[in-house]
Enquirer: 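Below is one structure. I have some questions about it.
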Amino acid sequence: MLDAARAGESVLLIAPTGGGKTLAGFLPSLVALAEAPTDRLHTIYISPLKALATDIARNLLRPIDDMGLPIRIETRTGDTPANRRTRQKQTPPHLLLTTPESLAVLLASPDAATFFGGLACVVMDEVHALAGTKRGDQLALGVARLRSLSPGLRCVGLSATVAHPTAIAAFVGATRTIAVADGAPPSISMMLPEGELSWAGHMGLEAAGQIMARIADAGMTIVFVNTRAQAELMFQALWKINDATLPIALHHGSLEIAQRRKVEAAMSDGRLRGVVATSSLDLGIDWGGVDQVIQVGAPKGVSRLLQRVGRSNHRMDEASRAILVPANRFEVLECEAAIEGVAARDLDGDLPRPGGLDVLAQHLLGLACSAPFLPDEIYREIVTASPYAALGRADFDDVLAYVEHGGYALAAYDQWRKLFRDSEGRLHVRSAKIAALHRMNIGTIVEAPMLKVRLTAGRSRIGPILGELEEYFAGLLRPGDTFLFAGRLLKFVRVHEMAVECQDGGTGDPMVPAYEGGRMPLTTNLADGVRRLLQNAGGYDLLPEQVGAWLRLQRAVSRMPGRDDLLVETFPRADRWYLVAYCFEGRNAHQTLGMLVTKRMERYGMAPLGFVATDYVLGIWSANRPHDVARLFDQDMLGDDLESWLAESAMLKRTFRNVATIAGLIQRRHPGGEKTRRATTINSDLIYNVLRQHQPDHILLRATRADAATGLIDVGRIAAMLARVEGRIVHMVLSRVSPLAVPVLLEIGRESIRSSDNEDALLAEAEALVAEATAPSPPAWAQQEMPLYSGVSAA
Amino acid sequence: MTAAPIHVAGERLMLDPGGVLIWPAAGLLAVSDLHLEKGTAFAKRGMLLPPWDTQATLDRLHFLLRKWRPQTVVALGDSFHDRDGADRLPAVELDRINRIAETCRLVWVLGNHDPAPPAGCAGEAVATFSAGPFVFRHEAEPGAPPGEIVGHHHPKAAIPTRGTTVARPCFVTDTRRVMMPAFGAYTGGLDVRDPAIARLFPRGGRAFLLGKDRLFSFALTRGGNPLTADRGNMPSVRTLGGG
């Protein structure tokens with residue numbers, strides 16, 4: 001590292017967790033500052049987590065104080081108070097520890113050029129977690145700017161082991177990659193719940209007893225689960241049997257920050273024996289004494305599993321210990337495939353996708369807020385950022401036009417342009433007000449509308465905030481309903497002033513809040529692993545006995561999904577027909593595929609009634625017998641069918657909301673806070689409808705469709721699969737349900753079934769249900785006072 | 001598009017899923033909260049929304065006018081998003097408005113967003129408009145006698161369905177009062193459970209949610225909660241999709 005620093009080279013350092021790579025990243029800067037003191041900002045360190053920046057500042061301060069080095073270190077995040085920010089501008093620290101968002105805010109200020117003028121080094125931590133995301137796009141654009149402001153800038157990237165090191169090196173702009181050998185391979189085992197293995201379900205609560213025993217046997221355990229709902233339920237299940245009253249805690253992203261910090265501090269101090277956590281503990285601070293990691297439920301991906309496993313025994317020379325607890329039979333296969341994948345270091349991860357045009361729009365306005373610029377120069381700067389290396393000039397110009405005046409075909413906003421051009425072609429921001437508003441809205445993390453959860457003792461007494469819930473969940477609660485949150489059973493009182501008010505001591509069957517995007521889909525890599533296991537009949541004996549028997553039975557009555565084909569089974573059951581397609585492309589892709597295939601079945605008169613998507617398969621039920629299966633899965637569904645479904649799809653609208661927010665069409669924060677927010681927010685669906693109707697090729701709609709290729713809609717994965725299996729669709733016509741199809745049939749009724757993306761159909765169903773439920777004795781007032789409602793469906 | 005008949009103050013009214021109310025006996029069509037030129041109002045503040053909102057709103061209104069061919073059109077207030085909204089109307093849209101006034105009586109009820117008559121627009125501007133048993137005013141008056149037709153609050157209702165809630169603008173009515181949904185392309189909504197709306201319907205009432213081809217009707221209990229099916233009938237509500 002020091003050699004590279006002396007040579008002025010940018011470096012990517014790849015090391016497993018616990019390799020001390022963060023310190024290695026800083027070392028050259030500390031040496032340089034000790035040798036040649038300066039009073040300017042020398043190095044900035046960027047981490048995806050605020051907490052990580054704070055923690056590292058603490059860890060660095062001690063040795064620097066001990067050695068008596070005259071080096072000032074400070075952090076700057078969204079939490080930094082205004083007076084400290086001002087002081088940092090006047091007297092910059094030597095080392096500034098920050099996040100991609102705070103860097104973008106600094107770059108959008110008028111004094112960015114002076115502040116960053118003497119910058120020598122940028123350290124980017126956990127780059128693997130940023131590259132390929134919108135936060136990564138923002139960081140890459142920011143670093144491209146820093147290189148222009150301070151020529152000769154050296155970049156250091158710190159990354160965990162990744163599938164595509166060259167792509168990460170390009171992201172960092174590294175000319176040299178240093179890879180530290182992995183430490184001792186982790187020891188991972190599987191723990192099956194006692195008794196009959198579940199056919200379906202993902203919570204794994206039946207293993208709570210065994211998990212509790214493992215917690216009692218070890219010093220400190222992290223129990224990783226896949227969703228916040230699962231975390232709440234697992235914590236409850238453990239708490240109920242915690243007879244020894246071991247100190248155990250709950251940690252997930254919706255809990256109040258102060259509460260999370262308390263749990264983290266208790267972990268660091270060794271005061272806890274177990275923590276049930278979601279991905280909120282995947283990244284970040286070295287907790288020290290974690291003895292074992294228990295992963296409950298499907299690991300979903302090899303890289304993710306490695307990251308989680310690496311949380312235990314944060315030392316190079318000792319093997320990490322992890323236990324996988326599958327929640328059902330398919331998950332046994334997935335765990336097995338993941339263990340093999342870890343042993344083979346078969347990391348997953350797609351190549352980072354091209355940078356988002358919405359992030360670029362935000363960046364361009366930020367640049368103008370800092371100083372006037374020439375489009376040609378800025379275009380040349382932008383394409384040096386690896387996510388934007390392939391950005392065409394036409395797209396750049398469209399994004400710039402959007403920032404200037406909206407980029408609409410109807411030139412309506414000439415007098416309200418955000419940017420204007422001077423006689424030399426430089427772009428200036430129109431007013432200080434626009435710049436101030438922009439700076440308040442920098443950032444690429446768009447959250448669903450959330451409400452605080454507040455505990456109240458009585459109607460008037462205000463209690464503590466427990467965390468946040470999605471607004472839509474609050475909409476489902478009725479006074480008196482019980483729900484599970486922050487490990488407590490709560491009774492819903494009311495929604496008041498942007499907070500869900502509730503009381504302790506709910507009774508009855510609780511609802512569990514779920515969160516958008518709470519689940520990540522199975523990776524392609526791991527899906528291949530599962531398919532390999534299914535194909536290898538010789539290996540069935542090595543699997544748990546019940547699983548082996550299950551697979552052998554499947555071979556006998558139907559067949560196994562092949563490595564490159566698509567197995568589709570159809571069979572009758574009760575008064576319906578079922579079609580089960582073994583695609584293994586992950587939940588999001590199956591969800592989209594389900595919409596498209598049922599649409600087609602409708603057209604062919606098969607009368608589909610609903611479908612359910614899991615990570616492994618797609619199951620559809622219909623009134624009429626499915627036939628011509630190869631045609632149902634023909635690639636041409638990605639043409640007009642996809643277009644027409646997408647246009648109305650709730651998921652596309654959600655994607656548009658994110659794009660429009662990041663691009664600054666909708667602003668999240670306004671001077672004046674909550675009250676003005678309500679007066680100035682516009683439902684993005686309304687904007688989407690108008691824009692789609694009048695300018696379907698607008699840059700924001702193009703950006704939305706690009707996002708749809710991955711993520712929630714995952715069209716890319718469907719396209720790849722349909723191409724792969726073309727001409728290789730194997731249709732098994734069965735007389736009854738096959739063993740492999742049992743799990744998906746059991747999911748029906750458990751999973752939310754998207755019978756349709758058509759909201760009108762959903763409303764009609766709800767209306768009919770109410771009518772049915774209330775038919776015998778309508779409420780008295782309706783009989784007496786409103787006798788004349790004659791049913792709205794009457795023509 | 002199937003309209004729903006209701007009876008208020010002894011008269012039959014039709015609620016159109018397009019978001020307008022028709023009083024067939026009088027040949028009257030009421031529309032509320034058009035919020036024309038909201039796009040340019042936001043542009044002034046630095047949010048450059050797609051600029052077709054006035055056009056889209058008037059397109060929909062025109063479609064409904066052709067369908068019902070009323071003799072009187074009552075715009076129930078907040079027809080313009082702000083005081084000088086009418087000044088910013090593109091000439092072609094101003095023309096369309098004035099052509100409405102050529103074929104029927106056009107009444108602008110004034111609202112809080114547009115407290116003065118719209119400059120340059122044909123038609124008459126009034127604080128309230130009375131006809132037969134009805135009083136058309138922008139904002140409801142608590143305790144008003146039966147027959148009040150109002151806008152202002154932009155009511156919408158959220159109905160739990162399989163694994164998600166569907167929220168739509170809606171008409172709200174008991175036998176005394178009809179509150180109309182907001183019509184403008186960029187108008188959002190206020191949940192019918194909000195005390196501002198619920199207190200105007202103290203004995204509950206009924207919400208008619210706008211759909212593509214028809215309305216969806218749900219009883220509202222006291223406090224504005226839609227009376228929805230028992231959760232036992234809707235298995236997916238408990239785990240709620242997402243994860």
Side-chain angles (χ1 to χ4, degrees), chain A residues 226-227 229 405-406 408 410 412-413 416 418 433-434 437 472-473 475-476 478 511-512 514-519 665 667 680-683 686-687 690-691 693-695 749-755 759-760 762-767 769-770 773-774 779 781-782 785-786 788-790 792-793 795, chain B residues 2 4-7 39-40 42-53 55-56 90 158-168 174-175 185-188 191 203-204 206 208-209 211-219 225 227-230 233-243:
Chain A
N226 289 332
T227 63
H405 50 73
Y408 299 114
L410 178 68
Y413 294 149
W416 296 298
K418 286 192 187 177
K433 228 167 103 185
I434 286 181
L437 193 59
Y472 98 96
F473 179 78
L476 294 174
R478 300 284 172 260
M511 310 196 0
V512 186
Y515 302 85
E516 278 184 16
R519 291 183 187 178
L665 186 67
Q667 278 137 3
T680 48
T681 37
I682 287 201
N683 183 335
L686 301 172
I687 302 172
V690 169
L691 187 55
Q693 195 186 344
H694 292 274
Q695 196 175 348
R750 280 184 201 238
E751 286 285 312
S752 76
I753 303 157
R754 295 189 76 98
S755 52
E759 289 189 348
D760 276 35
L762 292 171
L763 279 175
E765 186 191 49
E767 187 192 54
L769 267 174
V770 181
T774 54
W781 59 263
E785 296 177 30
M786 305 178 79
L788 294 168
Y789 284 136
S790 50
V792 286
S793 54
Chain B
T2 314
I6 60 166
H7 289 76
T40 46
F42 272 61
K44 283 199 288 187
R45 293 204 296 261
M47 282 174 80
L48 305 181
L49 303 174
W52 295 276
D53 59 311
Q55 187 186 334
I159 303 297
T161 63
R162 292 175 176 273
T164 180
T165 42
V166 176
R168 287 287 171 82
D174 50 16
T175 43
Y186 286 164
T187 49
D191 197 288
R203 289 171 304 160
R206 197 162 263 274
F208 292 88
L209 280 68
K212 218 178 237 152
D213 304 311
R214 49 168 281 208
L215 296 161
F216 300 96
S217 144
F218 293 87
N225 282 304
L227 193 68
T228 50
D230 178 19
N233 293 335
M234 309 183 88
S236 53
V237 171
R238 264 202 75 234
T239 48
L240 298 163

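The sequence lines fix the lettering, A, B, ..., with proteins before strands; numbering per chain opens at 1.
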Enquirer: State, to 0.1 Å, how close B/A185 and A/V690 come at their nearest heavy-atom pair, and which atoms those are.
Expert: CB-CG2, 4.1 Å
Enquirer: Strictly distance-based, threshold 3.5 Å: is any side-chain N or O of A/Y408 a donor or acceptor partner for the main-chain N or O of B/L48?
Expert: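 Judged by distance alone, yes, a pair lies under 3.5 Å.
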Enquirer: Working to the nearest 0.5 angstrom, can you tell me the gap between A/L763 CG and B/R214 CZ?
Expert: 8.5 Å
Enquirer: Taking all atoms of both residues into account, what is the closest heavy-atom pair of B/L215 and A/E767, and its distance?
Expert: O-OE2, 4.0 Å
Enquirer: Search all heavy atoms of B/F216 against all heavy atoms of A/D760 and return the closest pair with its distance.
Expert: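 Scanning both residues completely, I find the closest heavy atoms to be CZ-O, 3.5 Å.
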Enquirer: First locate atom CD of A/Q667, then atom CZ of B/R45, and finally report the distance between them rounded to the nearest 0.5 Å.
Expert: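 Spacing of CD (A/Q667) from CZ (B/R45) equals 10.0 Å.
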Enquirer: Is it the side chain or the backbone of B/D191 that comes within 4.5 Å of chain A heavy atoms, both, or neither?
Expert: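 Neither the backbone nor the side chain of B/D191 comes within 4.5 Å of chain A.
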Enquirer: Select, from B/L209, B/D213, B/D53, B/T187, the one with the greatest count of heavy-atom pairs under 4.5 Å involving chain A.
Expert: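 Among the listed options, the one with the most contacts to chain A is B/T187.
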Enquirer: Counting distance only, does the side-chain N/O of A/Y413 pair as donor-acceptor with the main-chain N or O of B/M47 below 3.5 Å?
Expert: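 Pair absent, no side-chain N/O of A/Y413 close to backbone of B/M47.
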Enquirer: Tell me if the NZ atom of A/K433 is crowded by more than 12 foreign heavy atoms within 6.0 Å.
Expert: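 No, not enclosed.
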Enquirer: Is chain B contacted by the side chain of A/I687, its backbone, both, or neither, given a heavy-atom distance below 4.5 Å?
Expert: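 Both parts, backbone and side chain.
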Enquirer: Given the options B/A56, B/G39, B/A167, which has more heavy-atom pairs under 4.5 Å with chain A than any of the others?
Expert: B/G39
